[in-house]
Amino acid sequence: MIFEEKKISSQRIYEGAILNVRRDKVTALKGEAHREIIEHNGAVAMVALTDEGKIIMVEQFRYACGRAVLEVPAGKIDAGENDPAAVAVRELKEETGYTAGNIKLLGRINTSAAYSEEMISVYAMTKLTPGEQDLDEDEALNVYEMPFDEVYDMAASGKLIDAKTIAALMMAKAQLGL
């Protein structure tokens, strides 16, 4: 049997530009417990594939990790945006310069289910047309076209650390027959 926790009370303990944090008191199997939860609008991640079978990857410095990280293109859903597919189209163009002629939802993931509400919609994007990047003021990233198998092997061998990227690659391989 799985015990379902129920909220007793909730208090916002931090409000930020990208996320908020709240502390909930919940019912627990042996009484009550507290859960600290990250509130986030959600995000999108894109497995962008060229006609030649290469995947578009981005590399950027991630301050929290203290290093540059190789990832699939991705971005947050801004307040007021209700269509993750439209956000994926926008973010792919902004980060990589590419536009996609075809978009397919592969699935949705939560990379930190224990403490975050953030859901990431993962899309396959094909029929790509190159163009110019339109990065946000605080973004600096490199764009690479890499063989899908090479990137998948990097994920499988533990060389990639980004959870959304690893999940997106697994979904793409299984659903797209790569």
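Remember, predicted model here, so these are calculated numbers, not experimental data.
A salt bridge is absent between K93 and E91; no separation between the charged side-chain nitrogens and carboxylate oxygens falls under 4.0 Å.
In plain terms, the two heavy atoms of A167 and I109 that are nearest each other are CB-CD1, 3.8 Å. Looking at every heavy atom in both residues, A79 comes nearest to N41 through N-ND2, 3.4 Å. When every heavy atom of F3 is checked against every heavy atom of T27, the shortest pair comes out as CE2-O, 3.7 Å. Contact between E118 and G42 at its shortest, heavy atoms only, is CG-CA, 4.1 Å. I161 approaches C65 most closely through the heavy-atom pair CD1-SG, 4.1 Å. Closest non-hydrogen pair, Y123 versus A85, comes out as OH-N, 3.1 Å.
Annotation: salt bridge (charged side-chain N to carboxylate O under 4.0 Å, His left out) contacts involving residues 64-73, sequence neighbours excluded, comprise R62-E71, E71-K164.
A continuous path of Ile, Leu, Val, Met, Phe, Trp and Tyr side chains, each step under 4.5 Å between heavy atoms, connects L70 with L49, placing both in one hydrophobic cluster. Cluster annotation: V122 is not connected to I77 through the hydrophobic network of ILVMFWY side chains, with a link wherever side-chain heavy atoms come within less than 4.5 Å. Both I13 and I38 are assigned to one and the same hydrophobic cluster, defined by single-linkage of ILVMFWY side chains at heavy-atom distances under 4.5 Å. I55 and L92 are not part of a single hydrophobic cluster, where members link through side-chain heavy atoms under 4.5 Å apart. M170 and L178 fall within a single hydrophobic cluster, where Ile, Leu, Val, Met, Phe, Trp and Tyr are joined by side-chain heavy atoms under 4.5 Å apart, directly or via other members.
Here the straight-line distance linking atom CD of E95 with atom CD of Q60 works out to 6.0 Å at 0.5 Å rounding. Rounding to the nearest 0.5 Å gives a distance of 8.0 Å between OG1 of T126 and CG of D51. The CD1 atom of I103 sits 13.5 Å away from atom NZ of K127, with the distance rounded to the nearest 0.5 Å. Within the model, atoms CG of L29 and CD of E4 stand 13.0 Å from one another, a figure rounded to the nearest 0.5 Å. Here the CD atom belonging to E132 is positioned 11.0 Å from the OG1 atom belonging to T96, to the nearest 0.5 angstrom. For the atom pair CZ (R90) and OG1 (T99), the distance works out to 15.0 Å, reported to the nearest 0.5 Å.
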- Task: Begin with the C-alpha distance, continue with both residues' side-chain angles, and end with the deciding distance and a verdict on side chain to side chain contact (heavy atoms under 4.5 Å, CB included) for I120 and V44.
- Result: CA-CA 5 Å; I120 302 173; V44 296; 5.6 Å; no

- Task: For L160 and L169, run side chain to side chain contact (heavy atoms under 4.5 Å, CB included): C-alpha distance rounded to whole Å, both residues' side-chain angles, the deciding distance at 0.1 Å, then the answer.
- Result: CA-CA 11 Å; L160 298 182; L169 293 169; 3.9 Å; yes

- Item | Criterion side chain to side chain contact (heavy atoms under 4.5 Å, CB included) on I18 and K76, from CA distance to verdict | CA-CA 9 Å; I18 297 174; K76 67 182 178 64; 4.2 Å; yes

- Under the side chain to side chain contact (heavy atoms under 4.5 Å, CB included) rule, what do E39 and R12 come out as? Steps first, then yes or no, please. CA-CA 10 Å; E39 301 171 343; R12 171 112 6 110; 2.7 Å; yes

With a 3.5 Å cut-off and sequence neighbours excluded, list the donor-acceptor pairs that the side chains of residues 147-157 form with protein atoms.
unit_1, atom_1, unit_2, atom_2, d
S157, OG, D153, O, 3.0
S157, OG, M154, O, 3.3

Listed pairs under 3.5 Å, donor-acceptor, residues 139-146 side chains, sequence neighbours left out:
unit_1, atom_1, unit_2, atom_2, d
E139, OE1, D136, N, 2.9
Y144, OH, E59, OE1, 2.9
E145, OE2, Y98, OH, 2.4

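Only one option out of E36, E15, E117 pairs with R22 in a salt bridge (charged side-chain N to carboxylate O under 4.0 Å, His left out); it is E117.
A side-chain donor-acceptor contact under 3.5 Å links N110 to the backbone of A113. Judged by distance alone, with hydrogens and angles left aside, the side-chain atoms of T165 form a donor-acceptor pair with the main-chain N or O of V72 at under 3.5 Å. The main-chain N or O of A172 is never found under 3.5 Å from a side-chain atom of Q175 such that the two would form a donor-acceptor pair. Here the side chain of S112 pairs no donor or acceptor atom with the backbone of S116 at under 3.5 angstrom.
At most 12 heavy atoms of other shown residues, nucleotides or ligands fall within 6.0 angstrom of atom OH in Y63.
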